[in-house]
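Remarks on the structure that follows.
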Amino acid sequence: MKTHQLPPVSQLYKQHLKQPIEWSCAIIGFVLLLPLLLSIALLLWLIQGGNPIFLQTRIGRYGIPFRLIKFRTMNEKRDRKGKLLPDEQRMTRIGSLLRRTSLDELPEIINVIRGDMALIGPRPWIPEQMQHFSQHTRERRMKLRPGISGLAQVLGRNDIPFRQRICYDLIYQRHLAPQTDLWILWQTFSKVLKHDGIEQTSEAFRPLRKNSNTP
């Protein structure tokens, strides 16, 4: 489906139905996934040692920060000066597997239950990423709760620059409807199975091409 084929925004769904529906789905999903979540946490504790949960500050709706919950995929090894080693040297085998399969993001379902996030929406930014964009752009993008997956994730994920992702995030706001969310959810499963766009592109902050989609 092309972006111009997406349905128009449904104000009823956007303002009144989306959050309670996703909250209910998150509760059911958490109960069903609890054995898997506990198994992964136990494996990480046994293999990596330490706390299997990784908390990271992200930017949520209206620019309000919150703590994102993920599985820890790297150890805490440091050099002689006490500085953390580069990410690639701290990534464990089980952590790499969790990254490839996106299982490291499963605990974010707790963020949905807490109301920090949605199942579908713009991915939450790390605070340092905010400085690359104007206040107007940040305010427009962060009108919605950030999501575990979103339009930018199924149309490129980390393979496309941030400015392209913002375009898709703004397009999503104009087409926020049940059909859009269901299509993104379906495409998310496909992306995860194919392991597409896992690694961050080296040109994440390059300008958009002239023929790129714009909001």
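Note that the numbering runs from 1 along the sequence shown for the chain. These values consider heavy atoms only, across backbone and side chains, with no hydrogens, waters or symmetry-generated copies.
With respect to the salt-bridge test (charged N to carboxylate O, under 4.0 angstrom), the residues Lys18 and Glu22 qualify. For Arg114 and Asp116, the salt-bridge test passes: some basic side-chain N is under 4.0 Å from an acidic carboxylate O.
A tilted orientation is assigned to the rings of Phe133 and Phe162, their planes being inclined by 30° to 60°.
Residues Phe189 and Leu182 are members of separate hydrophobic clusters, defined by side-chain heavy-atom contacts under 4.5 angstrom among Ile, Leu, Val, Met, Phe, Trp and Tyr. Residues Leu44 and Leu55 share a single hydrophobic cluster, defined by chaining ILVMFWY side chains whose heavy atoms lie under 4.5 Å apart. No chain of hydrophobic side-chain contacts below 4.5 Å, direct or via other Ile, Leu, Val, Met, Phe, Trp or Tyr residues, connects Ile126 to Phe54. Residues Val112 and Leu33 fall into different hydrophobic clusters, defined by Ile, Leu, Val, Met, Phe, Trp and Tyr side chains chained together at heavy-atom separations under 4.5 Å. The hydrophobic clustering, which links ILVMFWY residues whose side-chain heavy atoms are closer than 4.5 Å, places Ile59 and Leu170 together.
Side-chain contact between Ile47 and Thr92: absent, with no pair of heavy atoms (C-beta onward) separated by less than 4.5 Å. The shortest distance between side-chain heavy atoms of Leu176 and Thr180 does not fall below 4.5 Å. Contact check for Leu43 versus Ile94: side-chain heavy atoms found under the 4.5 Å cut-off. Side-chain contact between Ser149 and Leu119: absent, with no pair of heavy atoms (C-beta onward) separated by less than 4.5 Å. A heavy-atom distance below 4.5 Å is not found between the side chains of Leu144 and Tyr62. Taking 4.5 Å as the limit, every side-chain heavy atom of Gln173 sits out of range of all side-chain heavy atoms of Arg140.
A donor-acceptor pair under 3.5 Å links the side-chain atoms of Arg165 to the main chain of Ile160, judged by distance alone. Listed for the Arg58 side chain is no donor-acceptor partner under 3.5 Å among the backbone atoms of Pro65. Within the 3.5 Å criterion, the main-chain N or O of Ser102 finds no donor-acceptor partner in the side chain of Glu105. Although no hydrogens or angles enter the test, the distance criterion places a donor-acceptor pair under 3.5 Å between the side chain of Arg90 and the main chain of Asn75. Proximity of a side-chain donor or acceptor of Ser24 to a complementary backbone N or O of Pro20 within less than 3.5 Å is detected. Between the side chain of Gln131 and the backbone N or O of Glu128, at least one donor-acceptor pair lies under 3.5 Å. Between the side chain of His175 and the backbone N or O of Pro7 there is at least one donor-acceptor pair closer than 3.5 Å. Side-chain atoms of Gln48 come within 3.5 Å of backbone N or O of Arg72 as a donor-acceptor pair. In terms of modelled atom types and a separation under 3.5 Å, the side chain of Gln164 and the main chain of Pro161 share no donor-acceptor contact. Side chain of Arg61 to main chain of Met142: no donor-acceptor pair is present (N/O by atom type, distance under 3.5 Å, no hydrogens or angles).
Note that the CD1 atom of Ile69 and the CG atom of Asn111 stand 4.5 Å from one another [nearest 0.5 Å]. Atom CZ of Phe71 and atom CG of Leu37 lie 5.0 Å apart (nearest 0.5 Å). Atom OG of Ser39 sits about 11.5 Å away from atom CG of Leu103, to the nearest 0.5 Å. Here CG of Asp104 is found 4.5 Å from NZ of Lys70. Values are rounded to the nearest 0.5 Å. Atom CD1 in Ile120 sits 9.0 Å away from atom CD in Gln153 (nearest 0.5 Å).
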Worked verdict on Arg145 versus Gln19 for side-chain contact (heavy atoms from CB on, under 4.5 Å): CA-CA 9 Å; Arg145 286 182 178 82; Gln19 186 179 11; 3.3 Å; yes

Trace of the side-chain hydrogen bond (donor to acceptor under 3.5 Å, both in side chains) decision for Ser96 with Arg100: CA-CA 6 Å; Ser96 178; Arg100 290 198 307 272; 3.0 Å; yes

Before giving the answer on salt bridge (Lys or Arg N to Asp or Glu O under 4.0 Å), spell out for Arg123 and Glu108 the whole-Å C-alpha distance, their side-chain angles and the decisive distance to 0.1 Å. CA-CA 11 Å; Arg123 282 296 294 169; Glu108 292 173 33; 2.8 Å; yes

Might you work through the side-chain contact (heavy atoms from CB on, under 4.5 Å) test for Trp186 and Val154, ending with a clear yes or no? CA-CA 9 Å; Trp186 175 255; Val154 301; over 6 Å; no

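Taking every heavy atom of both residues into account, Ile184 and Leu151 meet most closely at CD1-N, 3.7 Å. In plain terms, the two heavy atoms of Gly29 and Ile109 that are nearest each other are C-CD1, 3.8 Å. Pairing each heavy atom of Asp181 with each of Tyr13, the nearest pair is OD2-OH, 2.6 Å. Between Val9 and Lys14, the closest heavy-atom pair is CG2-CD, 4.1 Å. When all heavy atoms of Pro146 and Phe66 are compared, the pair lying nearest together is CG-CE2, 3.9 Å. Closest of all the heavy-atom pairs between Pro52 and Ala41 is CB-O, 3.6 Å.
Other residues, nucleotides and ligands contribute more than 12 heavy atoms inside 6.0 Å of the CD atom of Gln11.
Arg78 pairs with exactly one of Arg80, Lys81, Glu76 by the side-chain contact (heavy atoms from CB on, under 4.5 Å) rule, that one being Glu76.
In terms of the side chain to side chain contact (heavy atoms under 4.5 Å, CB included) criterion, residue partners of Trp23 (sequence neighbours excluded) are, by chain and number, Ile27, Ile113.
There is no side-chain donor-acceptor pair under 3.5 Å between Arg141 and Thr137.
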